[in-house]
Amino acid sequence: MDFLLFEFNFSSYLIPSACLIVFLLAYFTFKQYLYRQKYSHIPGPPTEGILEFFFGNFNTIVKCLTEKNIIPDLYVQWSKKYGSVFKFQIFMKYVIVTNEPNAIKEILINKNYPKNEKIYSKIGFPFNERFMGLGLVTETNGGQWRKRRQIFNPGFHRSVLINCLSQFNEKTDQLMEKLYKLADGKTEISLFKEINRMTLDIISSVAFGFCIDSINFPDNQFSLNIIGSFEAVNRCLTDPLFMMNPLNYWKKQKYKKYIRDLRNFARVEILDRLRDLHQNETSVPDDILTAIVNKCKDDKIEIESFIDDFITFFNAGQETTANSIAFCFLELGKNTHILPRLREEIDSVLGAKKEISLDDLTKLEYTECVFKETLRLWPPAPEILRVSTDDFYINDFKIPKNTQINLSPYFSGRNEKYFPNPDKFIPERFLNEISSYAYFPFSLGPRNCIGRNFAMIESKIFMS
Ligand code: HEM
């Protein structure tokens, strides 16, 4: 009897369920068809078969990442076939990519379209753990971001950074001393790791007034937490296979612990500085941390928000500069013909001087060209992601509202029209004026890099 009852229920639900599924599928496919129509006039790599209908160019992207390339390498390839404005599909959504300087100006400066909330939240909250949270880089709400940027702008002014030149000099000298000792013709080192330690020590002392000395004590827990946390963010952004694999549960827990420990460290530093400011305001350093803490105190802003910014400056300010200095040395190693001119400039400007001044830095014109050329080929932030908030045009292509737009300093930096022989390392090209909308390693417009001067000073001092 029970069996019959089951059979009766089953068959009476089967037909309506099947109808519902067919209806939903038809509705979904029709909606997708209409969505695709809106972008049908824009060229781009094709998607073939039922799988690519749903997943788009996902497979090509995964293949590109597993071959240790970056997504903008695909942009360079695709643009050769589809031009300076093209689309690609990721799951059911289209993304527009362009290297048209006028469109870049429109998107980053004139319209200043907001950042893509979904993607920046992965940086703010990797594995759902608060990391950079809603700090200056990851805040997508324009009003909130503006308030925060106003707090930090004065701290990054060139005139303030000039006061810190001795700290930049000191940390660079420390690394040079270490490298001299290691240069015995036998010992192998990772220059990238050494530079990474130096940039970590610089940001810690210049911005936050504390000394980690990771140059001499590389395995301290703070450095390990920083490295682990960065790895977590990179995994979230670039390793979809890692994210999907349930076997990586424990590795994810480990990443979360690095992040929690880092935030706990930041909390203690902020609270200590708050206490010092209460006790004796005149003796505390005038650095970014004091700016954070003062604002926290005056505006009664919750501490978690300011931990977001503490972490943000470490993240945005350390690895970026370390990467570009390391790439610079890689290019110098490959292009040794550049060295005599570089040496000559440095020798003539600095002579036997030990401490480099701002005046010296402004005279190091060719040195700056070498660094700029490195950033053209190897920008540490290779993509900038925005979302259009209205319909607009790139050339004759209408781009609908709510479209994700990927701009890429890496892709634009390889645009033959503005950089002849784009794959060649030619610092001299920066002796002439270059359209800034074709070259934007520090981004452009209101959300450009606040640490640009910081990075230029740090890199030029290290190079010289
Ligand atoms: C060579 C070194 C550097 C490069 C190439 C670089 C590049 C960039 C780029 C492209 C952006 C825009 C990111 C986006 O729109 O998603 C950015 C933003 C930012 N950078 Fe840098 N950066 C460098 C060094 C630094 C340093 C040294 C600091 C701090 C000490 C720093 C702090 C920031 C912050 C806080 C933002 C967010 C600005 C905002 O949205 O208001 N960066 N950077």
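Every heavy atom of this structure was used, including side-chain atoms; hydrogens, water molecules and symmetry mates were not. Fair warning: this is a prediction, and the values are worked out from it, not measured in the lab. For ligands, and for the atoms within them, numbers begin at 1 and follow the listed sequence.
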**Q.** Per-atom contacts of ligand 1 with Ser324, taking only distances under 4.0 Å to non-hydrogen atoms
**A.** 1 (C)
Q: Check each atom of ligand 1 against the heavy atoms of Phe454 and keep those under 4.0 Å away; list them by number with element.
A: 27 (C)
Q | Derivation and outcome, ring pair (Phe, Tyr, Trp, His ring centres under 6.0 Å), residues Phe310 and Phe314 | A | CA-CA 7 Å; Phe310 185 103; Phe314 267 106; 5.4 Å; yes
Q: Verify the ring-centre separation between Tyr439 and Tyr418: is it less than 6.0 angstrom?
A: no
Q) Considering all heavy atoms of both residues, which atom of Glu345 and which atom of Tyr366 are nearest to each other, and what is their separation? A) OE2-N, 2.7 Å
Q: Run the ring-centre check on Phe131 versus Phe125 and record whether the distance is less than 6.0 Å.
A: no
Q. Taking all non-hydrogen atoms of both residues, which atom of Leu161 and which atom of Phe168 are closest, and how far apart?
A. O-CE1, 4.2 Å
Q) At under 4.0 Å between heavy atoms, which part of Glu458 makes contact with ligand 1: side chain, backbone, both or neither? A) neither
(Q) Please list, in number order, the atoms of ligand 1 under 4.0 Å from a heavy atom of Ile450. (A) 32 (C), 33 (C), 34 (C), 35 (C)
Q) Should Ile203 be counted as touching ligand 1, given the test is an N or O pair under 3.5 Å? A) no
(Q) Please confirm whether Lys115 approaches ligand 1 to less than 4.0 Å, judged on its heavy atoms. (A) yes
Q: Quick one: look at Trp145 and ligand 1, take heavy-atom pairs under 4.0 Å, and tell me if it's side chain, backbone, both or neither.
A: side chain
(Q) Taking the basic N atoms (NZ, or NE/NH1/NH2) and the acidic carboxylate oxygens, is any pair closer than 4.0 Å for Asp213 and Arg197? (A) no
Q: Please confirm whether Thr199 comes under 4.0 Å of ligand 1, counting heavy atoms of the residue only.
A: no
Q. Who's the nearest protein heavy-atom neighbour of atom 32 (C) of ligand 1, and how far?
A. Ala316 CB, 3.5 Å
Q: Using distance alone, decide if ligand 1 has a nitrogen or oxygen within less than 3.5 Å of any nitrogen or oxygen in Phe440.
A: no
Q | Cation over ring face, Arg386 and Tyr113, 6.0 Å, 45° | A | no
Q: For ligand 1, find out whether one of its N or O atoms is nearer than 3.5 Å to an N or O atom of Arg447.
A: yes
(Q) Minimum heavy-atom separation for Val387 and Asn116, please, with both atom names. (A) CG2-CA, 3.7 Å
(Q) Are more than 12 heavy atoms, taken from residues, nucleotides or ligands other than Lys256, located less than 6.0 Å from that residue's NZ atom? (A) yes
Q | Polar atom proximity, Tyr120 to ligand 1 (N or O, under 3.5 Å) | A | yes
Q.
Applying a heavy-atom cut-off of 4.0 Å, say which part of Phe156 lies close to ligand 1: side chain, backbone, both or neither.
A. side chain
Q. Which heavy atom of Asn169 sits nearest a heavy atom of Lys354, and at what distance?
A. OD1-O, 4.0 Å
Q. Is the closest basic N to carboxylate O distance between Glu428 and Arg341 below 4.0 Å?
A. yes
Q) Do any nitrogen or oxygen atoms of Arg149 lie less than 3.5 angstrom from nitrogen or oxygen atoms of ligand 1? A) yes
Q: Mark up the atoms of ligand 1 that fall under 4.0 Å of a heavy atom belonging to Ser443, in ascending order.
A: 10 (C), 12 (C)
(Q) I need the atoms of ligand 1 closer than 4.0 Å to a non-hydrogen atom of Pro380, numbered in the order shown. (A) 5 (C)
Q: Measure the distance from atom 26 (C) of ligand 1 to every protein heavy atom, then report the residue, atom name and distance (to 0.1 Å) of the closest one.
A: Gly317 CA, 3.3 Å
Q: Around atom 3 (C) of ligand 1, find the nearest protein heavy atom and jot down its residue, atom name and distance.
A: Phe442 CE2, 3.4 Å
(Q) Within ligand 1, which atoms have a heavy atom of Ala381 less than 4.0 Å away? (A) 10 (C)
